[in-house]
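Structure first, commentary second.
Side chains are part of it too, since the values below use all heavy atoms of this structure and drop only hydrogens, waters and symmetry mates.
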Amino acid sequence: MVHVLVTGKIAQEGLDILQEFGRVTVVENPSEEDIAPILPTVDAVLHKIGKLPRELLLRGPGIQIIARHGVGLDDLDLEYLKEKGIKLTITEDANSHAVAEFTVTLMLVLNRRLFEAHEKLIKQGFWQREQLIGQELQGQVLGLIGFGRIGKRVALLAQNLGMKIMVHDPFLKEVPPGATLVGLDELLTGSDIISIHCPLTSETKNLLNTERLGLLKPTAYLVNTARGGIIDEKALFTMLKEKRLAGAALDVFSVEPPSLSSELQTLSNLIVTPHISAMTHSAQRNMAIMAAREIKKFFLGG
Ligand code: NAD
């Protein structure tokens, strides 16, 4: 019987598919120590959370397929998978809607100063409306770093809100009508809002470092729902403290959960969420079903 390790809590619909043909071990909050003793008998991994470095994967010589619950591959040693011929699948587009909608939500929340207004009213009874004037998205320039499944959906939503779109994606030669393909520096200097939708790789690690962050307009907003590590967080927090940037919304961090200092808690121009862009019921269900079906197809065919 096929033994499937599931890293993280997944939707029941995905577990039902796996249990039709396999023995399933779910580790809801996987640490390397939890997973290591299970791996020697594992044939397949449905991978949702946690890191799977080479040293750990070596403990599971029988692993034939890793089905990623999601699309990010930065937690996996891809070289090792290639060397060993281990099949890798992703749940393409299962969460794109969820992440795109969440990204646009963050753009709106930043521009209308929603959290600041809520905090001030609920804690201080603050009712000085002219001190909470925000901006419409209509007419603003949105700069998208990465124009794959999620970037394209964000562009579509933003265009419907009347935004102009700039794109930086070194792997693209053209973009659809209404968007302009530009170099990274041009995007950073010319955008009113910058949103990141590229993977975390050795090329994109610290892509937005001190120097590049310094190119942003002081009135700009920055949104990251892709991966922590693409932005130099320390440099960003300094800029926010010194008001050299209008604001930022981060759903992802270089280390998760992040340790956010009490100083950051006082900033009214920073919004943080605990990696929940893809946390909708339908996205979670779709990802679990798609990943489980990939494993089933691999072992049973069809
Ligand atoms: P995708 O592969 O469809 O698109 C990624 C795009 O980034 C591609 O077009 C690629 O050419 C581009 N790219 C690669 N290197 C680049 C670089 N150096 N600069 C600019 N662009 C570059 O992926 P997707 O489905 O759109 O997802 C994008 C990323 O979002 C994923 O890699 C993942 O890390 C992240 N993500 C986060 C969540 C979340 O819960 N917060 C959920 C899903 C995806």
Rounded at 0.5 Å granularity, tell me how far CG in Leu142 sits from NZ in Lys164. 12.0 Å
Return a table of donor-acceptor pairs under 3.5 angstrom between the side chains of residues 51-61 and protein atoms on other chains or two or more places apart.
unit_1: Lys51; atom_1: NZ; unit_2: Asp75; atom_2: OD1; d: 2.9
unit_1: Arg54; atom_1: NE; unit_2: Asp77; atom_2: OD2; d: 3.3
unit_1: Arg54; atom_1: NH1; unit_2: Glu83; atom_2: OE1; d: 3.2
unit_1: Arg54; atom_1: NH2; unit_2: Glu83; atom_2: OE2; d: 3.0

Given side chains that start at C-beta, do those of Leu81 and Ile66 come closer than 4.5 Å, heavy atoms only? yes
Examine the side chains of Lys48 and Gln284 and answer whether a donor and an acceptor come within less than 3.5 Å of each other. yes
Take Tyr221 and Met107 through the test side-chain contact (heavy atoms from CB on, under 4.5 Å) and record every step on the way to the result. CA-CA 8 Å; Tyr221 286 110; Met107 286 160 45; over 6 Å; no
Are side-chain N/O atoms of His275 and Thr273 paired as donor and acceptor at under 3.5 Å? no
The single option from Thr89, Thr91, Leu73 that satisfies side-chain contact (heavy atoms from CB on, under 4.5 Å) with Arg68 is Leu73
Can Gln19 and Gln12 be said to form a side-chain contact (heavy atoms from CB on, under 4.5 Å), step by step? CA-CA 10 Å; Gln19 279 156 352; Gln12 187 59 44; 4.2 Å; yes
Please walk me through it: do Leu216 and Leu208 pass side-chain contact (heavy atoms from CB on, under 4.5 Å)? CA-CA 10 Å; Leu216 301 185; Leu208 296 195; 5.7 Å; no
Would Gln64 and Ile86 satisfy side-chain contact (heavy atoms from CB on, under 4.5 Å), going step by step from the backbone distance to the final call? CA-CA 5 Å; Gln64 298 175 60; Ile86 296 172; 6.0 Å; no
Is it the case that the side chains of His3 and Arg23 hold a donor-acceptor pair, with the cut-off being a distance below 3.5 Å and no angle test? yes
Main-chain N/O of Glu136 paired with Gln140 side-chain donor or acceptor, under 3.5 Å: yes
Give the minimum heavy-atom separation between Met166 and Glu186, together with the two atoms involved. SD-O, 4.1 Å
Say whether Phe21 and Ile63 are linked into one hydrophobic cluster, either directly or through other cluster members, by side-chain heavy-atom distances under 4.5 angstrom. no
Identify every side-chain donor-acceptor pair in residues 223-235 under 3.5 Å, counting partners at least two apart or on other chains, and give the distances.
unit_1: Asn224; atom_1: OD1; unit_2: Ala226; atom_2: N; d: 2.9
unit_1: Asn224; atom_1: ND2; unit_2: Arg227; atom_2: O; d: 3.0
unit_1: Thr225; atom_1: OG1; unit_2: Thr103; atom_2: OG1; d: 3.0
unit_1: Arg227; atom_1: NE; unit_2: Asp74; atom_2: OD1; d: 2.9
unit_1: Arg227; atom_1: NE; unit_2: Asp74; atom_2: OD2; d: 3.2
unit_1: Asp232; atom_1: OD1; unit_2: Lys234; atom_2: N; d: 3.1
unit_1: Asp232; atom_1: OD1; unit_2: Ala235; atom_2: N; d: 3.2
unit_1: Glu233; atom_1: OE1; unit_2: Ser254; atom_2: OG; d: 2.9
unit_1: Glu233; atom_1: OE2; unit_2: Ser254; atom_2: N; d: 2.7
unit_1: Glu233; atom_1: OE2; unit_2: Ser254; atom_2: OG; d: 3.4

Pairing residues for Leu240 by the side-chain contact (heavy atoms from CB on, under 4.5 Å) criterion, not counting sequence neighbours: Leu236, Phe237, Leu245, Ala248, Leu267, Asn269, Leu270
Measuring from Ser96:OG to His197:NE2, what's the distance to the nearest 0.5 Å? 11.0 Å
Closest non-hydrogen atoms of Arg293 and Ile17, given as atom of the first, atom of the second and distance, are CG-CD1, 4.0 Å
